[in-house]
Amino acid sequence: MEFRGAHILSVDQFDRADIEALFAVADDLRAYAARMRVTRVLQGAILSNMFFEPSTRTRISFGSAFNLLGGEVRETTEVKASSLAKGESLEDTARVLSGYSDVIVMRHPEAGSVAEFAQASRVPVINAGDGPNEHPSQALLDLYTIAQEMAGRGKGIDGLRIALVGDLRYGRAVHSLCKLLALYERIDYHLVSPPDLDAPAEIVQSLLRRGHRAAAYHDLEPGIHDVDILYVTRTQEERFASQAQANRYRGLFRLNQAIYTEHCQPNTVIMHPLPRDSRSAARELDADLNENPNLAIFRQTDNGVIVRMAIFALVLDVAGAVHDHAQPVTWYTAKRTPA
Ligand code: CP
């Protein structure tokens with residue numbers, strides 16, 4: 001694909017060559033993300049960061065990534081803080097914001113809404129999560145992390161065995177990651193969820209059509225045997241019609257150190273897109289795993305900045321100019337080794 005000026009709406013846009021190109025740029029930017037150098041390559045550029053659903057990681061890391069490239073960030077959070085609350089359409093909002101910005105990042109609760117917004121935008125739009133549909137930048141940072149973790153174990157992504165655990169029906173990070181991994185060869189998917197929260201049939205069918213293995217499990221323990229990656233997700237409670245319905249799934253699948261030790265291989269990587277639900281009734285990923293060296297969740301979040309810097313560098317066509325605008329870091333920072 002041509003990254004320059006492109007909207008990034010779905011992982012369906014990418015092929016393996018695109019991913020390799022993006023990851024090469026990400027590798028080149030690691031020193032900037034680690035504050036070993038700064039660059040002003042996007043000086044004067046403006047990002048509109050529009051988040052109409054709660055977010056910590058995606059919003060802050062997109063904003064930080066843009067700042068680290070020298071650009072400025074304007075934020076709107078919550079529908080009620082924008083004129084969408086007065087009945088303005090997504091189309092009009094896009095026309096207005098694209099006059100103010102060089103690129104727009106948007107999260108919205110409705111599937112397809114970011115694509116609808118992008119149709120009316122004159123500048124690139126990046127999907128930061130559209131309801132239960134997709135979360136492409138999360139899948140890219142997850143895949144970047146998987147590649148690093150597997151390389152550390154002398155393996156690649158082809159032939160990967162992955163267990164995806166939890167709410168596979170509404171989990172947009174899972175949907176995007178499943179599709180992105182399908183670009184590789186011989187992926188073995190263990191789809192581990194409560195019966196009513198199975199992965200969408202069309203995604204499973206597309207994995208099988210591409211020659212991958214995909215098996216559904218409705219109990220945790222048999223699903224997490226013999227995998228390289230254990231990708232745990234929370235129940236997406238905000239997608240259910242009522243809290244009472246969501247409560248039926250709370251705490252059904254919980255991974256803790258004892259279950260990991262008994263059922264997983266000793267070097268199985270543990271991932272989660274976060275946030276994990278740390279309330280006592282949920283705890284799908286227990287804090288007693290925090291000292292487990294195979295827990296990669298904070299390596300994932302660090303990689304989020306690097307991968308999002310690479311997305312901006314490619315979409316705004318400055319990847320080749322980053323080092324020309326580099327400057328030494330002049331302030332104290334403890335963060336001086338690449339993540
Ligand atoms: N993983 C993720 O999207 O986290 P936030 O909801 O905090 O952005």
Side-chain angles (χ1 to χ4, degrees), residues 8-11 26 33 47-68 73 75-79 81 103-111 113-114 125-146 148-149 162 164-181 229-240 246 255 269-279 282-285 287 289-290 295-312 339:
I8 306 293
L9 302 173
S10 164
V11 295
L47 162 68
S48 285
N49 217 18
M50 312 296 293
F51 277 73
F52 301 121
E53 273 194 328
S55 171
T56 296
R57 274 144 294 275
T58 313
R59 181 171 66 84
I60 306 293
S61 64
F62 264 122
S64 296
F66 207 73
N67 288 148
L68 286 164
V73 181
E75 289 209 327
T76 299
T77 56
E78 299 191 279
V79 169
V103 59
I104 299 169
V105 170
M106 184 170 159
R107 172 173 287 187
H108 191 283
E110 299 297 328
S113 55
V114 183
V125 174
I126 299 170
N127 181 2
D130 60 326
N133 185 36
E134 278 229 35
H135 195 346
S137 66
Q138 178 71 44
L140 288 166
L141 77 88
D142 288 338
L143 187 62
Y144 187 70
T145 306
I146 290 170
Q148 286 182 342
E149 298 290 328
I162 183 168
L164 298 128
V165 179
D167 179 356
L168 308 186
R169 178 177 179 184
Y170 295 119
R172 58 193 173 199
V174 166
H175 300 165
S176 291
L177 181 59
C178 280
K179 293 200 275 181
L180 203 56
L181 279 170
I229 305 283
L230 197 46
Y231 190 94
V232 181
T233 64
R234 72 182 171 93
T235 305
Q236 307 285 302
E237 297 193 0
E238 63 275 30
R239 308 280 174 234
F240 289 79
L255 183 71
V269 181
I270 307 161
M271 297 177 64
H272 191 305
L274 301 182
R276 55 179 158 174
D277 190 338
S278 295
R279 291 171 287 190
R283 291 195 185 148
E284 74 276 0
L285 190 61
L289 287 157
N290 284 359
L295 186 75
I297 56 177
F298 299 116
R299 296 192 282 277
Q300 282 174 269
T301 53
D302 281 352
N303 285 336
V305 174
I306 299 165
V307 167
R308 288 173 175 129
M309 288 175 80
I311 292 172
F312 288 132

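The basis for the numbers below is simple: all heavy atoms, side chains too, and nothing from hydrogens, waters or symmetry mates. Indexing begins at 1, ligand by ligand and atom by atom, following the structure's order.
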| Touching ligand 1 at all, His135? Heavy atoms, strictly under 4.0 Å? | yes
| Exam field: side chain Thr235 to backbone Asp167, donor-acceptor pair closer than 3.5 Å | no
| query | Where is the nearest protein heavy atom to atom 4 (O) of ligand 1: which residue, which atom, and how far? | reply | Arg57 NE, 3.0 Å
| Any donor-acceptor pair under 3.5 Å from Gln300 side chain to Met271 backbone | no
| Is the side chain of Thr301 donor-acceptor paired with the backbone N or O of Phe298 at a distance under 3.5 Å, no angle test? | yes
| request: Output all residues satisfying ring-ring contact (aromatic ring centres under 6.0 Å, His included) with Phe51, sequence neighbours left out; order by chain, then residue number. | output: none
| query | So is Gly129 close enough to ligand 1, meaning a heavy atom under 4.0 angstrom away? | reply | no
| query | What residue and atom, counting heavy atoms only, is the protein's closest point to atom 6 (O) of ligand 1, and at what distance? | reply | Arg107 NH1, 2.9 Å
| remark: Note: ligand 1 atoms sitting under 4.0 Å from heavy atoms of Thr58 are 2 (C), 3 (O), 4 (O), 5 (P), 8 (O)
| Yes or no on side chain to side chain donor-acceptor pair (under 3.5 Å) for Thr58 and Arg107, after CA distance, side-chain angles and deciding distance? | CA-CA 9 Å; Thr58 313; Arg107 172 173 287 187; 3.1 Å; yes
| message | Only heavy atoms of Pro273, strictly under 4.0 Å: list the atoms of ligand 1 that pass. | response | 1 (N)
| message | Under a 4.0 angstrom heavy-atom cut-off, which atoms of ligand 1 come close to Thr56? | response | 5 (P), 7 (O), 8 (O)
| said: I'd like to check which ligand 1 atoms, numbered from 1 as shown, lie under 4.0 Å from a non-hydrogen atom of Leu274. | reply: 1 (N), 2 (C), 4 (O)
| Any donor and acceptor pair, going by atom type alone, linking the side chain of His272 with main-chain N or O of Ala296 inside 3.5 Å? | no
